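Have a look at the structure below, then the notes.
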Amino acid sequence: MDQKQILLDALAFHGHRCWASTAGVRAGLVALRLLGTQRSGAKSLHAVLENGYHHGAMCFGDGVQYATGCTFGKGNIEKVAKGKLAVTVIDKANKRAVRVAYRPTLQKQIKESAFMQKRSAGIPPTEIPEGEQWELVNLIWEAPEETVLTAGAVVDYAWNEPPEIVRFAICSGCGELVAESYLRVVEGAPLCIDCSGYAV
Ligand SMILES: [Zn+2]
Ligand SMILES: [Zn+2]
């Protein structure tokens with residue numbers, strides 16, 4: 001797929017246009033290129049995202065998810081709490097990995113942009129004029145790769161896949177579907193954690 005189309009689709013998925021999600025798309029695409037692989041709809045890749053929580057640049061993670069196909073739904077992406085815009089993409093089949101980090105050479109321009117001035121004033125990104133959203137998307141998208149990203153070497157990475165639970169049961173309390181490994185048994189009846197009254 002055309003890379004610009006991937007960006008447009010990623011921004012549509014993300015919900016607004018911003019520099020951090022754009023950086024995430026670029027980081028994901030570069031990781032795939034360095035690993036010599038492609039976005040996967042299965043689980044042949046795994047991403048370790050260094051975003052952390054509760055800050056304004058977590059949008060990076062949505063760009064990575066869309067570009068690589070490593071998603072929270074499939075469970076082949078995880079967050080570690082470092083507060084950084086960086087990701088390690090692991091090619092499980094070939095046991096190789098590469099880390100790609102955002103390089104903040106344009107941060108002064110970003111900080112002074114109309115978009116970020118409004119974000120700092122507490123205006124949600126979706127309420128910022130589209131032209132001002134695109135200004136920062138284009139700044140990151142059109143910059144030379146080495147200006148906005150730093151890529152490490154491709155390294156060997158031994159991957160041990162945890163077994164996947166494929167059996168489910170119906171909780172006899174609430175009737176909801178529960179993965180078997182999460183069931184509790186109370187007086188012989190299979191119950192979900194909520195219905196069992198047991199602490200997690
Ligand atoms: Zn965003
Ligand atoms: Zn239940």
Side-chain angles (χ1 to χ4, degrees), residues 3-30 47 49-68 70-73 77 79 82-87 100-104 106-107 109-143 148-149 165 167-200:
Q3 296 215 331
K4 186 65 186 279
Q5 191 59 48
I6 293 171
L7 172 69
L8 297 176
D9 292 348
L11 295 172
F13 162 73
H14 181 50
H16 61 257
R17 302 158 197 92
C18 69
W19 67 273
S21 59
T22 305
V25 172
R26 287 200 76 175
L29 292 174
V30 166
L49 187 64
E50 298 176 26
N51 254 2
Y53 301 89
H54 311 302
H55 62 78
M58 288 187 298
C59 299
F60 182 83
D62 273 354
V64 169
Q65 284 195 89
Y66 198 86
T68 62
C70 297
T71 62
F72 280 95
I77 190 167
K79 264 191 183 193
K82 293 187 182 172
K84 296 173 89 172
L85 281 71
V87 63
V100 181
Y102 172 66
R103 193 170 177 211
L106 299 172
Q107 225 49 27
Q109 271 170 271
I110 291 170
K111 195 173 175 209
E112 290 169 356
S113 67
F115 180 88
M116 288 307 286
Q117 295 289 321
K118 286 177 179 155
R119 289 290 294 120
S120 302
I123 298 173
T126 47
E127 289 174 25
I128 294 173
E130 267 196 37
E132 293 173 9
Q133 296 184 29
W134 281 116
E135 190 190 335
L136 283 194
V137 167
N138 292 335
L139 180 70
I140 297 294
W141 187 253
E142 288 162 9
V148 289
L149 294 173
I165 304 298
R167 287 190 300 273
F168 296 82
I170 310 284
C171 169
S172 46
C174 63
E176 294 182 1
L177 195 66
V178 188
E180 204 172 69
S181 56
Y182 287 85
L183 285 171
R184 301 292 183 266
V185 179
V186 180
E187 295 177 0
L191 291 170
C192 74
I193 289 169
D194 294 333
C195 293
S196 74
Y198 293 158
V200 179

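Only a predicted model underlies this, so the values are computations on that prediction, with no experimental measurement involved. Counting convention: from 1, in listed order, for ligands and their atoms alike.
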Are the side chains of F115 and E135 in touch, meaning some heavy atoms are under 4.5 Å apart?
no

Heavy atoms, side chains only, cut-off 4.5 Å: are W19 and L85 in contact?
yes

Could you tell me the angle subtended at the Zn ion (ligand 1) by SG of C18 and NE2 of H16, rounded to 10°?
120°

Working to 10°, measure the angle at the Zn ion (ligand 1) formed by atom NE2 of H14 and atom SG of C59.
100°

The Zn ion (ligand 2) as vertex, arms to SG of C195 and SG of C171: angle to 10°?
110°

What angle, in degrees and rounded to 10°, do you get at the Zn ion (ligand 2) when you join it to SG of C174 and to SG of C192?
120°

To the nearest 0.5 angstrom, please state how far the CG atom of N138 sits from the OG1 atom of T22.
8.0 Å

Could you measure the distance from the CG atom of L177 to the OH atom of Y182? Nearest 0.5 Å is fine.
13.5 Å

